[in-house]
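In this text the structure is predicted, and so the values were computed from the model without any measurement. All chains are named by letter (A, B, ...) in the order of the sequence lines, taking the proteins before the strands, and each is independently numbered beginning at 1.
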Amino acid sequence: MFAEENKWTTKHISELEMIYVIDNPNQGMWHAFQLMDPEDDAHSVELTQFKEQFKSHLSELIRHVSVKIKKHTDEAVWIRIAWGDSYSRPNHLKPTYVVHYLQTPYVFVTSLTSKQKPLLSQALVLSTRHHAIKDANLSGKKFTAIRDLLMRQYQQAFPTKYPSPLKEKNQTVSNPLIEREQAGPAANRLQMACEAFGDGMLPQLQSAVYKLETKFRDQTNKTMTEREESFRCVVKFASTNLLESLRDCASSGIASTPVTPLLSSIPLKGRNYFVITDNSPGPSSQMHQKTDG
Amino acid sequence: MERQHNSVVRTPLNSVVVQRRSKSKSYRQSYRSCLGAASRLGLTPALTARRLNTSRRAPKSHNITDKVDPEQLTLLLKTEWKLSYVTPLYQFRHTQLKSYSRQLSAFIAAEKQQGLAVDAEGSQSSFRVSFSVVQGMTETADDAETVLIQIHSKPMFAKQDDPQKLVWSGWLACINGNPDYLSSLSKDFICLPLFGSSGPEVLTTLVKSWFQQMFDCCFGPLEISHTSLQWLVALWTNCHTESNIQHLRMIWTLPVTPPLQITYTVDAQDAWELWSSVRKDPEEESEGGEEVEEGGSIDLKEVMRFMQGLKNHFYRHFRLDLSAGSLQQVSTALGSAKYSGRIKVSSDGKNCSQSFSQDTFLLTHTRKDKCCTNIFFLSF
């Protein structure tokens, strides 16, 4: 009787916790993944089938595990996993949360350890009828931001001709002649900034990291330019809203336009971790991206 | 910082004018010495341009533990210090430290009595202050010995051997002070122009108040200018062959909305190779190249070329000019320095005598008064 009461309490608490997390998802650290190589019937996997398959596959992989699946109003499937092992019951104090949008390749995960990762990957791949899952190189504290970024759910500016010259947001009083002269280039910059990063409200991404493994090229420095080895460095951009900051850099002229593909790849590819190498032989004016396995 | 707007003419260029209260015969001299300025190696014309150091001696590696007690040294290392400048102290005596300890303790206790909240634990503890001398940090014969101040919290009902917690520490130092200036001071004054503090702000304020009352001096904020930070980028990289800097990390901020912070971390070896490549004069390279003199002087031009190289590499990838932003912080395994006037000197902690051999620290303190340009070169 006592044991039954306990079980019921745990169930109740984990239910409440899950509701709370779904309503307040912008906590902890979320990582995005992408499912690869779908089977022919991957596109027709629907909720009931997914739920059954996922629970069954995960239970086969690990003896003691507690899985709860909820479908949210916006087509998101939320999964809460409390992990145990061969000897111990599931630990409800450190659950993993997974969000998957059915019939898309996107999966978002928080609080997953490296030991748990292969088990979750396997269960996801099998239940969604894909062959592999890879790191999407996108992470952040705000779930909604990385979801919107990856799934393109925000206002994007398409390259069109605006009917009238764009006005800058904060107009300072200045020489009308200078203004007229600068209006063209300023409008141009703003246009390109919006094309690269988006218009209006942008998903609140906090950071982007670039691992640079490219050669040092500088006309003024013969010694370094002749060097064979790459100039290794890591650059991290951080802001309360990174995309807005970058857009402001471009429209204000701090970043030269057109915006470099390294920066515009953040919204374009929906990722914020990049390893950049020189892929073409000889001096290159454009960087090539190496996608991480 | 005290700023009194009275009949005294306000001097331009970020100077602080403070009326001295003591009317001793050295009034004029002490008045001049009060014309402090928040340190800024800015692009000011003629007056300061002359004094801008365009070249510095590359720091010699020497074993600091030969001069300074290692135990005392560990108190100064691995802590982030907030820097201030101090005007000369009137009738400060290194022989009176025990008395100062008692007096400062009493001062803090009195302030507490008056209701000033000095600690988080409420009125459970009292404070024990100790002044001590850290000998051996001076560089010239004119430098006064460094004074270390520590405040321990003493639980009210503790037993004799209960450990006391160090809650605040600070120091006053003069290292490589300008000899002309130092000799121009009257004998009643001791010059310890650099003050570092670490701990709760309320205690820092109390200590400063006490000093101001006791020795008729003024404290002011010390920022580490962009130029100084750039010097550190180069000087620390220069140390790499003697002491592994592990990485060269620079933090810039860009004035966009919302503000953007860029952390640019360069591999230590690659940074060093770039640094040594700019040390050769590019025009003379075609003549077969010059051997870089070991331990020779470093020119500001070399520092600027190094910075430009780093910025160019960045621009090539991101088409973003870092010159549009401001350099806020530099750090390596040897230490860190922030624009806001915070410094930390680290060590790799393995072996006392080895780890402190090449940590170097540079601070430039410019004053409006022509006579007193002090470059403090702290070598740890």
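Contact annotation for A:Asn241: both backbone and side-chain heavy atoms come within less than 4.5 Å of a heavy atom of chain B. Using a 4.5 Å cut-off between heavy atoms, A:Lys215 contacts chain B through its backbone alone, with no side-chain atom that close. For B:Leu254, the part sitting under 4.5 Å from any heavy atom of chain A is the side chain, from C-beta outward, and nothing else. Interface remark: A:Ile254 contributes backbone and side-chain atoms alike to the contact with chain B (heavy atom separation under 4.5 Å). Of the two parts of A:Ser207, neither the backbone nor the side chain holds a non-hydrogen atom closer than 4.5 Å to a non-hydrogen atom of chain B. B:Pro259 touches chain A through its backbone: at least one of N, CA, C or O sits under 4.5 Å from a heavy atom, while the side chain does not.
Atoms CZ and NE2, on A:Arg232 and B:His247 in that order, are 14.5 Å from each other to the nearest 0.5 Å. The CG atom of B:Leu260 sits 6.5 Å away from the CG atom of A:Leu242 when rounded to the nearest 0.5 Å.
The ring pair (Phe, Tyr, Trp, His ring centres under 6.0 Å) contacts involving residues 219-261 of chain A comprise A:Tyr210-A:Phe237, A:Phe216-A:Phe231, A:Phe231-B:His313, A:Phe237-B:Phe318, where partners must be two or more places apart or lie in separate chains.
Between B:Arg316 and A:Thr214, some side-chain heavy-atom pair lies under the 4.5 Å cut-off. Inter-residue side-chain proximity for B:Asp267 and A:Val234 is flagged as unmet; no heavy-atom pair is nearer than 4.5 Å. In this structure, A:Ser256 and B:Tyr315 have side chains that are in contact, with non-hydrogen atoms separated by less than 4.5 Å. Using a 4.5 Å heavy-atom cutoff, the side chains of B:Gln261 and A:Ser245 are not in contact.
For the options A:Ala238, A:Ser239, A:Ala255, heavy-atom pairs under 4.5 Å to chain B are most numerous at A:Ala238.
Nearest heavy atoms, B:Thr257 versus A:Asp248: N-OD2, 2.6 Å. Nearest heavy atoms, B:Arg319 versus A:Pro258: NE-O, 3.4 Å.
Interface residues of residues 320-330 of chain B toward chain A, defined by a heavy-atom distance below 4.5 Å and sorted by number: B:Leu320, B:Asp321, B:Ala324.
Between B:Asp270 and A:Arg227 a salt bridge is recorded (basic side-chain N to carboxylate O distance below 4.0 Å).
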